[in-house]
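Everything quoted here is computed from the prediction, not taken from an experiment. Every chain is numbered from 1, with letters handed out A, B, ... down the list of sequences.
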There are 2 protein chains.
Amino acid sequence: MGLGIKKRTIVERLTAESSMNSGGVVRNLADLFNRRIESPSIRRILLAAVDSFSKTGFHAASTRDIARKAKLSPAAVYVHFHSKEELLYTVVTLMSEWVFDQVSAAARERGRPAERLRRVVQVHVASHAAMRTAMFVSNFEFHSLNAAQRKKILRYRDAIEKLFEDCIRAGCEDGSFHAADIGITKVAVVSLCVSVLNWFSPGGRLSPEQVGDYYADLVLSMLRADPT
Amino acid sequence: MGLGIKKRTIVERLTAESSMNSGGVVRNLADLFNRRIESPSIRRILLAAVDSFSKTGFHAASTRDIARKAKLSPAAVYVHFHSKEELLYTVVTLMSEWVFDQVSAAARERGRPAERLRRVVQVHVASHAAMRTAMFVSNFEFHSLNAAQRKKILRYRDAIEKLFEDCIRAGCEDGSFHAADIGITKVAVVSLCVSVLNWFSPGGRLSPEQVGDYYADLVLSMLRADPT
DNA sequence: GTCTCCGCTAAGCGTTTGCTTATCGAAGCG
DNA sequence: CGCTTCGATAAGCAAACGCTTAGCGGAGAC
């Protein structure tokens, strides 16, 4: 067999189990990692990485700190991951895949454009709010990935944007929506959804689902065609 | 005079010159720094810091790198600044003050709520787009400041949010706007404006002012009262 | 001429960083 | 038993980090 070939990455060995085919919704980050990653040590490392990255940012977080939180020696992290960068890439990949699964499931259900866009916005916002910490890392430490990694993650982001665009375009074509520029409107709507990360608080007045509903109302009134 | 007292910070020595009282609008970041900072060396350091912080984030940026970009020795930075953290704090303060000046000037002009909110949104978005790099640092490296510094910067942010809230509340009271929850609506609108940082590109199809106009349209149709 | 100030630099201190090396012990297997 | 595999560790390396120290050189004051 191939010598000199470096070991496979965690991302390449992820359990191919999505929220679709395995009983019930994902409840939280630990639950999501349980479904996708077999080794308990690797799960602990990734949970610790999310915690460290979210608190201090990728570059300020030390691998020693992550190892300590995972109750392992500093070197044990490198038994499972090639580098600190791969830690971040694994986290971002897991979260990007999950959000894409959530939103595309919402977009698959039939309905009028307004109904479909409502579901897509609601799920997108609620997902970001519910997994606030990990989605924060996935979004705001994205630029610390290398070019090849960024390119792979961008595929998920582009696919999600496409789902939004399809709903908006369908509504414009059947006259229920008005948008002067679909491209700008699309990025404005998506970035509005993501920006819930900047203020949402788990212990706050509203649940993730309630915030999602509210944002869906905002987006629909933003897009509804003039009754004139 | 007081011995043992550490030297004053750059922020404490800023020129008290706002865009109001000194001829014309600020054209770009260098122009803004020229108006507020006397020493050319300090201006070069701050411009270099903005560049480094925006490219790699606060923690990954090295003071040696910043010094090299400013054409100074590494130690020269510490002649003017106590620490790397003070570099960030100075940048964030300058940008936060500037944005607050811009938005509050827009809010001061009289008009119906819809007209005032349109101006406020337009200026807020256009300011972020026009100073994209520095505003990016100001917003996304905010968490690297210490608690006391964050508290001071939050005063500007809260004041800006208040300006938005006043417009929205006035529109709800005179019946021209509809908002089920003014608090959530306010943070959604403000974070929508800020999120232009995530996609705006200086060389793109639209100018900062055009994007501001488009966002103002979006926000107004989001808030306008139902004609039913 | 001498003294003081001030912006600036060369050199380097102490610490922390990401990551490697050599090794261990338990488990699986013929 | 002998051998391999594998998760994990103790120890440490080379590099980079933020920041300090001691001192230089030109300008202004008297």
Side-chain angles (χ1 to χ4, degrees), chain A residues 1-10 12-13 33 37-49 51-53 55-91 141 144-146 149, chain B residues 1-10 13 33 37-49 52-53 55-91 141 144-146 149:
Chain A
M1 51 198 328
L3 275 84
I5 303 293
K6 59 182 178 185
K7 67 184 174 194
R8 299 172 66 207
T9 65
I10 301 294
E12 286 163 358
R13 290 187 291 148
F33 286 0
I37 295 156
E38 295 185 46
S39 156
S41 294
I42 296 179
R43 289 200 296 256
R44 288 206 314 278
I45 292 172
L46 287 173
L47 285 171
D51 189 55
S52 284
F53 293 164
K55 278 181 178 146
T56 64
F58 173 74
H59 276 103
S62 82
T63 55
R64 284 168 171 79
D65 217 50
I66 291 168
R68 185 155 20 84
K69 281 179 188 161
K71 298 190 191 305
L72 288 172
S73 73
V77 174
Y78 290 89
V79 172
H80 302 288
F81 295 88
H82 302 98
S83 65
K84 181 178 159 186
E85 199 179 41
E86 198 201 324
L87 270 178
L88 177 62
Y89 177 62
T90 307
V91 169
E141 300 300 335
S144 294
L145 297 170
N146 66 42
Q149 292 169 335
Chain B
M1 48 198 332
L3 273 85
I5 304 294
K6 61 183 178 185
K7 68 185 173 193
R8 298 173 67 206
T9 66
I10 300 295
R13 291 186 290 148
F33 286 0
I37 295 156
E38 295 185 48
S39 156
S41 294
I42 296 179
R43 289 199 297 254
R44 288 206 314 279
I45 292 173
L46 287 174
L47 285 171
S52 283
F53 292 164
K55 276 180 179 146
T56 65
F58 172 73
H59 276 103
S62 81
T63 55
R64 285 168 169 81
D65 217 50
I66 292 168
R68 184 156 19 84
K69 281 179 187 161
K71 297 189 191 306
L72 288 170
S73 73
V77 173
Y78 290 89
V79 171
H80 302 288
F81 295 87
H82 302 97
S83 66
K84 181 178 160 186
E85 199 179 43
E86 197 201 323
L87 270 177
L88 176 61
Y89 177 60
T90 308
V91 169
E141 299 299 336
S144 294
L145 296 171
N146 66 44
Q149 293 169 334

What verdict does the side-chain contact (heavy atoms from CB on, under 4.5 Å) test give for Thr63(B) and Tyr78(B), after you've listed the backbone C-alpha separation in whole Å, the side-chain angles of each residue and the deciding distance to 0.1 Å? CA-CA 9 Å; Thr63(B) 55; Tyr78(B) 290 89; 3.3 Å; yes
Check whether any side-chain heavy atom of Val77(B) lies under 4.5 Å from a side-chain heavy atom of Leu72(B), and answer yes or no. no
Rounded to whole Å, CZ of Phe81(B) lies from P of dG7(C) at a distance of 13 Å
Closest heavy-atom contact between Glu85(B) and Ser144(B)? OE2-O, 3.8 Å
Any heavy-atom pair between the side chains of Leu145(A) and Leu88(A) that's under 4.5 Å? yes
When you compare the side chain of Arg43(B) with that of Leu46(B), does any pair of heavy atoms fall below 4.5 Å? no
To the nearest angstrom, the CZ-P distance between Arg68(A) and dA10(D) comes to 14 Å
Could you tell me which non-hydrogen atom of Ala70(B) sits nearest to which non-hydrogen atom of Ala48(B), and how far apart they are? N-CB, 4.0 Å
Please test Leu47(B) against Arg44(B) for side-chain contact (heavy atoms from CB on, under 4.5 Å), starting from the C-alpha separation and ending with a verdict. CA-CA 5 Å; Leu47(B) 285 171; Arg44(B) 288 206 314 279; 5.8 Å; no
Using a heavy-atom cut-off of under 4.0 Å over every strand shown, decide if Ser41(B) touches base, sugar-phosphate, or nothing. sugar-phosphate
For nucleotides 23-28 of chain D, print each protein N/O atom paired with a nucleotide N/O atom at under 3.5 Å, atom names and distance only.
none

Output the rounded distance in Å from CD1 (Ile45(B)) to C1' (dT9(C)). 13 Å
Rounded to whole Å, NE2 of His80(B) lies from P of dT9(C) at a distance of 9 Å
Sub-4.5 Å side-chain heavy-atom contact between Phe81(B) and Ile42(B): yes
For the pair made of CD1 in Ile42(B) and C1' in dC6(C), what is the distance, rounded to whole Å? 12 Å
Heteroatom pairs (N/O) under 3.5 angstrom, protein to nucleotides 16-19 of chain D:
| unit_1 | atom_1 | unit_2 | atom_2 | d |
| --- | --- | --- | --- | --- |
| dG18(D) | OP1 | Ala61(B) | O | 3.1 |
| dG18(D) | OP1 | Lys84(B) | NZ | 2.8 |
| dG18(D) | OP2 | Thr63(B) | N | 3.0 |
| dG18(D) | OP2 | Thr63(B) | OG1 | 3.1 |
| dG18(D) | N7 | Arg64(B) | NH1 | 2.8 |
| dG18(D) | O6 | Arg64(B) | NH2 | 2.9 |
| dC19(D) | OP2 | Tyr78(B) | OH | 2.6 |
| dC19(D) | OP2 | Lys84(B) | N | 2.9 |

Given atom CD1 of Ile66(A) and atom P of dT17(C), what is their separation to the nearest angstrom? 11 Å
Trace of the side-chain contact (heavy atoms from CB on, under 4.5 Å) decision for Lys84(A) with Phe58(A): CA-CA 9 Å; Lys84(A) 181 178 159 186; Phe58(A) 173 74; 3.6 Å; yes
Please state how far atom CD1 in Ile37(B) lies from atom P in dG7(C), giving the value in whole angstrom units. 15 Å
